[in-house]
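Single-structure report; data block below.
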Amino acid sequence: MESVRVRFAPSPTGMFHIGSARTALFNWLYARHTGGTFILRVEDTDASRNKPEYIEVIFNGLRWLGFHWDEGPQPGGAVRGDRGPYFQSQRGAIYKRYVDQLLSEGKAYESDGAIKFRTPKTPIVVPDLICGDIQFDRTNEPDLVIQRKDGSPVFHLVNVVDDLEMGITHVIRGEDHLSNTHKHLALIEAFGAKPPRYAHIPLILNPNGSKMSKRDVGASIEDYEKEGYLPAAVRNYLCLLGWSPKDNREILPIEDVIALFDLPQVNRANARFDADKLFWINGEYFRAAPIESIEPLALEILRRHGILGEKYDHAYFRAALAIVKEKIKVGRELPDWMGHFFREDFPFDPAAAKKVFTTEGLTNLVKLHERLSQINPKDFNALTLETEFKALAAATGQKLGALIHPTRLAVSGSSVGPSLYHLLEVLGRARVLSRLERAEKEFTASPGT
RNA sequence: CACCCCAUGGAGUAGCGGUUAGCUCACCUCCCUUUCACGGAGGUAGCACGGGUUCGAAUCCCGUUGGGGUGACCA
């Protein structure tokens, strides 16, 4: 039994599209499921559109998503595998050999400086592992240009030649290639070679059903990294677009996907991109993630927003992140939720101030200030604080909320946030007292403004 | 225009001839609760349409409609 060899063959055009990522994912899953080889091949034949630095985008995207490739170019210029070169721009001699073969056998001819392949005009069946057997008529199929006037080979030719040369056993690609596959089969037959198996996966569409292009929101993988999504969450979401574990699970470890994944079970209908669901899945991963695993991501985002500099209180940052991460779903929410931890001049939410910094609210702040200042700094923890709050509420005959809401706003500027007692504990006695004082001063003169 | 693919609530899906059509997101209500989030209990909402086949169809066949793809000296 021959071992599976699959490839991901992107063009370096400047971004890593979510559809490409899903194609890469399914290839990678199939390779891992079968114990086969996952190959990266760079289709950079269109010199006008491809730039060398764009290759880094592909490397980074694959690396971020955790799709390690067994063969192909590596970052830094190294190469793995003995079927290279893996850049089509470096395989000109190989393509020429195949074109010459077709020419010498009369299966191709010159026309206006270009070289055209004589396509068969008889019906053909394209067998597909996902779509089934598909018939194509081909009666009016025009001959196919395989080499341009300038001597460069076109996609259909290089794609087929490389799959043959690299021993690809399964071509797993987007359904947009399904209608072109009969051309590939014709070329392979002309070369007298054995075709790989094909599996065309459904496309990812916009929420409105249109084709997802580069400019559409959510199309770029780099954006997810920037916005603080977790790669495992994005990967998990992508698995669910066109594939299902069939046991009602939504969140599942990639190992389970690898074990369950197979081509015949891939869906045939296009799927629409749903940012809400990705958001939810990310929240599941975010909350379950160990604090250390999201620290770098959080640090990067907070620094990008100018909230943290090179130097910062590591323990304080970590403690703050720990209570915040329970409440949010994606890294991009971090600046809003954590900004106040690192500056004393944070603004107060005006609407919330109007509502809770009333005369009564401010009076409570004063009482609280007095009470909390009695606590020994080393006892300033969530448990003690809860006791104090409850004691004051009981003593003044108020509901706990009457104390909690003004306090939260006073120490964080916001009406939403982590568990208040834990928030106060993380801030520490000194910060809490000074923040209470600041709110008292700023609002006592004109309550509720 | 031609050819190809597809069609379960708003979105992703389970279902593969007999189910009160299941699950997740989103939305709504309630509970929990210091806010938010989580968690819990409910709710709104679906087999595109029309013909067949069959005792019986979301499941099989045909047509229609709708959506997507391909038809490049782009990939």
Side-chain angles (χ1 to χ4, degrees), chain A residues 9-13 20 43-46 48-50 88 111-116 126 128 130-132 134-142 144-156 158-159 173-183 200 202-205 207-212 237 239-251 267-281 283-284 286-287 324-329 333 337 352 356 386 389-390 393 399-409 412 414-423:
Chain A
S11 286
T13 55
S20 298
E43 306 217 332
D44 55 350
T45 52
D46 184 0
S48 64
R49 257 170 46 178
N50 298 152
Q88 289 187 329
S111 167
D112 283 331
I115 295 176
K116 289 186 172 180
V126 175
D128 189 284
I130 294 169
C131 305
I134 298 161
Q135 303 236 11
F136 288 89
D137 177 53
R138 294 202 299 187
T139 305
N140 299 310
E141 188 65 23
L144 180 69
V145 172
I146 55 176
Q147 190 178 97
R148 302 184 187 92
K149 196 188 293 185
D150 67 4
S152 63
V154 306
F155 164 74
H156 299 294
V158 299
N159 191 267
R173 69 205 336 183
E175 197 204 82
D176 47 345
H177 288 296
L178 183 57
S179 302
N180 283 147
T181 304
H182 66 85
K183 299 172 188 172
H200 288 90
L203 271 21
I204 300 179
L205 271 28
N208 67 9
S210 63
K211 186 181 183 181
M212 206 165 188
Y237 174 68
C239 288
L240 265 22
L241 246 34
W243 179 83
S244 158
K246 300 190 191 295
D247 58 6
N248 287 340
R249 276 189 296 172
E250 305 286 330
I251 306 295
N267 263 262
R268 299 172 67 172
N270 291 163
R272 297 181 191 215
F273 175 74
D274 182 2
D276 282 339
K277 185 141 183 181
L278 206 207
F279 188 65
W280 172 76
I281 289 179
E284 295 292 303
F286 212 82
R287 203 151 28 79
V324 164
K325 96 174 181 71
E326 300 303 313
K327 304 286 182 170
I328 65 175
K329 288 189 162 68
E333 298 172 90
W337 282 67
V356 305
E386 182 169 359
F389 271 72
K390 285 182 172 166
K399 287 203 287 191
L400 213 42
L403 301 178
I404 281 171
H405 299 308
T407 305
R408 177 188 299 288
L409 187 61
S412 72
S414 172
S415 58
V416 299
S419 155
L420 182 70
Y421 306 128
H422 291 92
L423 173 60

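In what follows, chains are A, B, ... by sequence order, proteins preceding strands, each numbered from 1.
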Whole Å only: how far is the [atom1] atom of [X] from the [atom2] atom of [N]?
X	N	atom1	atom2	result
A:Asp137	B:rC3	CG	P	9 Å
A:Asn267	B:rU8	CG	C1'	12 Å
A:Leu144	B:rU70	CG	P	16 Å
A:Asp150	B:rC74	CG	C1'	13 Å
A:Lys149	B:rC73	NZ	P	12 Å
A:Asp128	B:rU70	CG	P	16 Å
A:Asn159	B:rC74	CG	P	15 Å
A:Leu241	B:rG12	CG	C1'	7 Å

Rounded to whole angstrom, note down the [atom1] distance from [N] over to [M].
N	M	atom1	answer
B:rA21	B:rC38	C1'	30 Å
B:rA72	B:rA14	C1'	41 Å
B:rU13	B:rA45	C1'	16 Å
B:rU59	B:rC16	C1'	6 Å
B:rG51	B:rU24	P	36 Å
B:rC55	B:rC47	C1'	22 Å
B:rC25	B:rA37	P	14 Å
B:rA2	B:rG46	C1'	34 Å

Applying a 4.0 Å non-hydrogen cut-off, can you work out what [X] is touching in the nucleic acid: base, sugar-phosphate, or nothing?
X	answer
A:Ala114	base
A:Gln147	nothing
A:Lys183	sugar-phosphate
A:His200	nothing
A:Asp112	base

Just to verify, what does [X] make a side-chain contact (heavy atoms from CB on, under 4.5 Å) with, not counting sequence neighbours?
X	result
A:Lys183	A:Glu141, A:Leu144, A:His156, A:Asn180
A:Lys211	none
A:Asp128	A:Ile130, A:Cys131, A:Leu178, A:Tyr198, A:His200
A:Asn140	none

- prompt: How does protein reach along nucleotides 34-46 of chain B, written 5' to 3' as B (base within reach of a heavy atom under 4.0 Å), S (only sugar-phosphate), or - (no contact)?
  reply: BBBBS--------
Given that both distances must come in under 3.5 Å, which nucleotide forms a Watson-Crick or G-U wobble pair with [N]?
N	answer
B:rG9	none
B:rC1	B:rG71
B:rG63	B:rC49
B:rG42	B:rC28
B:rA57	none

task: Hey, which sits more toward the 5' end of RNA chain B by its nearest nucleotide, A:Phe136 or A:Leu278?
output: A:Phe136
- prompt: Taking the nucleotide of RNA chain B with the closest heavy atom to each, which residue, A:Lys277 or A:Pro207, is nearer the 5' end?
  reply: A:Pro207
query: So how far is it from A:Leu240 CG to A:Ile281 CD1, rounded to the nearest 0.5 Å?
result: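 Result: 5.5 Å between the selected atoms.
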field: Residues A:Arg249, A:Asp247: salt bridge by 4.0 Å N-O rule
entry: yes
message: Less than 4.0 angstrom from a charged side-chain N to a carboxylate O is my criterion; do A:Glu333 and A:Lys329 meet it?
response: no
message: Among B:rG12, B:rC3, B:rC5, which nucleotide has an atom closest to any side-chain atom of A:Ala271?
response: B:rG12
task: Decide whether A:Ser210 and A:Arg272 meet the rule of one side-chain donor and one side-chain acceptor closer than 3.5 Å.
output: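 Side chains of A:Ser210 and A:Arg272: no pair found under 3.5 Å.
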Exercise: identify the closest heavy-atom pair between [X] and [Y]:
X	Y	answer
A:Asn270	A:Glu175	ND2-OE2, 4.0 Å
A:Arg408	A:Ser415	CD-O, 3.2 Å
A:Asp176	A:Leu203	N-CD1, 3.8 Å
A:Leu400	A:Ala393	CD1-CB, 3.9 Å
A:Tyr421	A:Ile404	OH-CD1, 3.6 Å

- prompt: Is the phosphate of B:rA2, meaning OP1 or OP2, less than 4.0 Å from a side-chain N or O of A:Arg138?
  reply: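 It does not, given that no N or O in the side chain of A:Arg138 lies less than 4.0 Å from OP1 or OP2 of B:rA2.
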For nucleotides 28-30 of chain B, which of its nitrogen or oxygen atoms have a protein nitrogen or oxygen under 3.5 Å away, and what is each distance?
none

Taking salt bridge (Lys or Arg N to Asp or Glu O under 4.0 Å) as the definition, give me every residue that meets it alongside [X], ordered by chain and number, with sequence neighbours left out.
X	value
A:Lys327	none
A:Glu284	A:Arg287
A:Glu250	A:Lys277

query: Taking RNA chain B as the partner, which of residues 242-251 of chain A come within under 4.0 angstrom of it by heavy atom?
result: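 Close to the strand are A:Gly242, A:Ser244, A:Lys246, A:Asn248, A:Glu250.
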Are any protein N/O atoms closer than 3.5 Å to N/O atoms in nucleotides 62-68 of chain B? If there are, list each pair with its distance.
{"residue": "B:rG68", "atom": "O2'", "partner": "A:Asn270", "partner atom": "OD1", "Å": "2.9"}

message: Using the ring pair (Phe, Tyr, Trp, His ring centres under 6.0 Å) criterion, which residues pair with A:His182? Sequence neighbours excluded.
response: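 With sequence neighbours excluded, A:His182 shows a ring pair (Phe, Tyr, Trp, His ring centres under 6.0 Å) to A:Phe136, given in chain and number order.
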